[in-house]
Amino acid sequence: MAQHRSTRVDRLMRPVHRWVWSDFNRRVRKLLAFSEVETDGGRDILRAAEVTPDPLLRRLYLEHAIDELHHGVLFRERGSALLRARTRSPHLDSSEKWRPSGGHGLDDLCIQTESDESLLAFLHLSEKAAAGRFAIYRDVVDDDPSTRAVFEEILHDEVFHMNYTYTQLARISPASYRQRLWRARATRLWKRYVRVAAALAGVMGTTLLMLQYFILLPPFAWLAKRAAARERAGWTPIPLHRSESTSQY
Ligand SMILES: [Fe+2]
Ligand SMILES: [Fe+2]
């Protein structure tokens with residue numbers, strides 16, 4: 001069994017993860033979303049295998065890409081199996097909520113602009129984060145042995161990816177691999193901050209619009225109503241001097 005220590009934050013968040021995975025709809029949605037992320041990551045790493053000048057890295061990237069594409073298939077198959085099982089039950093929810101959304105790791109990859117050093121540092125941190133998360137997910141889906149087995153299998157590969165990327169980074173960049181890792185950590189943190197800030201800005205924008213709607217609009221609505229109440233009902237005769245039109249029509 002693959003062993004990996006989750007971060008303290010992830011361990012603190014364990015009840016939240018358990019709550020998220022306890023709902024059938026969320027469980028399926030997350031599995032399908034993971035499938036997309038793993039498949040996209042696999043394609044990117046396949047591209048890295050094509051462009052690297054290092055023969056050993058090319059072979060390792062290739063194995064890594066095959067693993068990630070396989071993870072995508074495993075997640076998709078498990079999500080589909082759950083969906084099929086639910087379809088046979090009377091409580092079918094066929095709304096658009098099933099569409100996968102979001103990602104959690106390899107989705108920031110940009111192969112064309114990355115050197116092998118920065119790519120390995122980025123991959124090491126992503127795989128480490130994925131291994132920590134998958135270890136928790138494996139534990140919180142203990143009511144569902146098939147989903148648990150999928151996480152168990154994938155976790156084993158993620159730990160291998162986490163280890164080989166570190167070893168290879170130390171091999172090709174022995175003098176500066178620690179700085180590379182710190183730089184990659186800082187970049188991850190910055191991207192996380194930008195995502196949180198963007199989400200917060202969205203919430204603040206929505207709140208301000210709602211406040212405007214409920215605070216600024218009611219006085220105008222009241223004034224309009226009062227003006228309408230002053231109007232006389234029905235036709236209003238036009239004074240004689242105003243009815244003498246100068247228009248040819
Ligand atoms: Fe993976
Ligand atoms: Fe991986």
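We're numbering straight along the sequence, starting at 1. This one's a predicted model, so the numbers in the text were calculated from it and none came from an experiment. Counting starts at 1 for both ligands and their atoms, in listed order.
Relative to the six-membered ring of Trp19, Arg14 misses at least one condition, a distance below 6.0 Å or an angle of at most 45° to the axis.
Aromatic ring centres of Phe134 and Phe75: separated by under 6.0 Å.
The pair Arg171-Asp54 meets the salt-bridge criterion, with a side-chain N (NZ, NE, NH1 or NH2) lying under 4.0 Å from an Asp/Glu carboxylate O. Looking at Asp142 and Arg18, a side-chain N of the basic residue comes within less than 4.0 Å of a carboxylate O on the acidic one, giving a salt bridge.
With respect to the Fe ion (ligand 2), Glu68 has OE2 as its nearest N, O or S atom. His71 has its closest N, O or S atom to the Fe ion (ligand 1) at the position named ND1. The Fe ion (ligand 1) lies closest to atom OE1 when only the N/O/S atoms of Glu38 are considered.
Taking 2.8 Å as the criterion, Glu127 counts as a coordinating residue of the Fe ion (ligand 2), since one of its N, O or S atoms falls below it. Inclusion of His161 in the first shell of the Fe ion (ligand 1) is not supported: no N, O or S atom falls under 2.8 Å. Glu158 lies close to the Fe ion (ligand 2), since one of its N, O or S atoms is found at a distance under 2.8 Å. Coordination check, Asp67 versus the Fe ion (ligand 2): failed, since every N/O/S atom of the residue sits at 2.8 Å or beyond.
Apart from Ile66 itself, the hydrophobic cluster it occupies contains nothing, where clustering links Ile, Leu, Val, Met, Phe, Trp and Tyr at side-chain heavy-atom distances under 4.5 Å.
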Under 3.5 Å, which donor-acceptor pairs do the side chains of residues 216-229 form with other protein atoms, sequence neighbours left out?
none

